[in-house]
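Note that ligands are numbered from 1 as they come in the structure, with each ligand's atoms numbered from 1 the same way.
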Amino acid sequence: MRRAVCPGSFDPITNGHLDIISRASRLYDEVYVAVMINKAKKGLFEVDERLDLIRQVTAEYGNVRVEAFHGLLVDFCKQRDIPAIVKGLRAVSDFDYELQMAQMNIGLSGVETLFVPTNPTYSFLSSSLVKEVATWGGDISHLVPPLVLDALNKRLRKD
Ligand code: ADP
């Protein structure tokens with residue numbers, strides 16, 4: 001079985017993430033979405049809320065599994081027999097950091113990283129930008145799934 005992982009913080013999941021996950025799900029038999037827990041960085045959404053949103057918006061793909069992980073991504077991969085990490089590259093500005101991480105990960109454990117060019121529609125899109133724009137009442141309905149839009153509106157109105 002060919003497996004891959006799409007890692008990230010997904011705070012919250014956007015259409016840019018979904019585009020990469022859906023494309024990975026066509027290339028691999030099984031795709032893990034790993035919500036990497038960073039205890040130093042409190043998100044807008046709790047990890048369980050992020051998992052729940054991701055599970056709902058990826059349910060249609062059938063071969064996508066969603067899990068949280070605290071630790072090194074290569075350990076997540078080792079424990080689940082995953083040989084490949086799939087990442088979206090938005091712009092040249094992503095490249096330096098992503099290349100460093102990819103080289104570190106293959107050096108640590110032999111796990112490969114595959115870069116997928118972002119759909120140009122989403123090349124400027126990040127979770128932080130979505131939160132920023134939503135905070136000030138900007139329209140983000142074309143950038144996140146409807147379920148995430150509802151969750152964001154509720155959260156930003158302080159539930
Ligand atoms: P951020 O959006 O803050 O970078 P993440 O850490 O959750 O958030 O992103 C995880 C990964 O998802 C990124 O490393 C990248 O591979 C992919 N990704 C994020 N946003 C996009 C996008 N707009 N288009 C394509 N891939 C994306």
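With sequence neighbours left out, the side-chain contact (heavy atoms from CB on, under 4.5 Å) criterion links Lys42 to Glu46.
Relative orientation of the Phe115 and Phe95 rings is tilted, given thresholds of 30° and 60° on the angle between their planes.
Between Asp19 and the choices Thr14, Asn119, Leu125, Val116, the side-chain contact (heavy atoms from CB on, under 4.5 Å) rule is met once, by Asn119.
Not one N or O on the side chain of Arg65 forms a donor-acceptor pair closer than 3.5 Å with the backbone of Glu30.
With respect to Lys154 and Asp150, no salt bridge is recorded, no charged nitrogen being found less than 4.0 Å from a carboxylate O.
Protein residues are said to neighbour a ligand when one of their heavy atoms lies under 4.0 Å from it; for ligand 1 these are Pro7, Gly8, Ser9, Phe10, Gly16, His17, Ile20, Lys87, Gly88, Arg90, Glu98, Thr118, Tyr122, Leu125, Ser126, Ser127.
Side-chain N/O atoms of Asp75 and Gln79 include no donor and acceptor closer than 3.5 Å.
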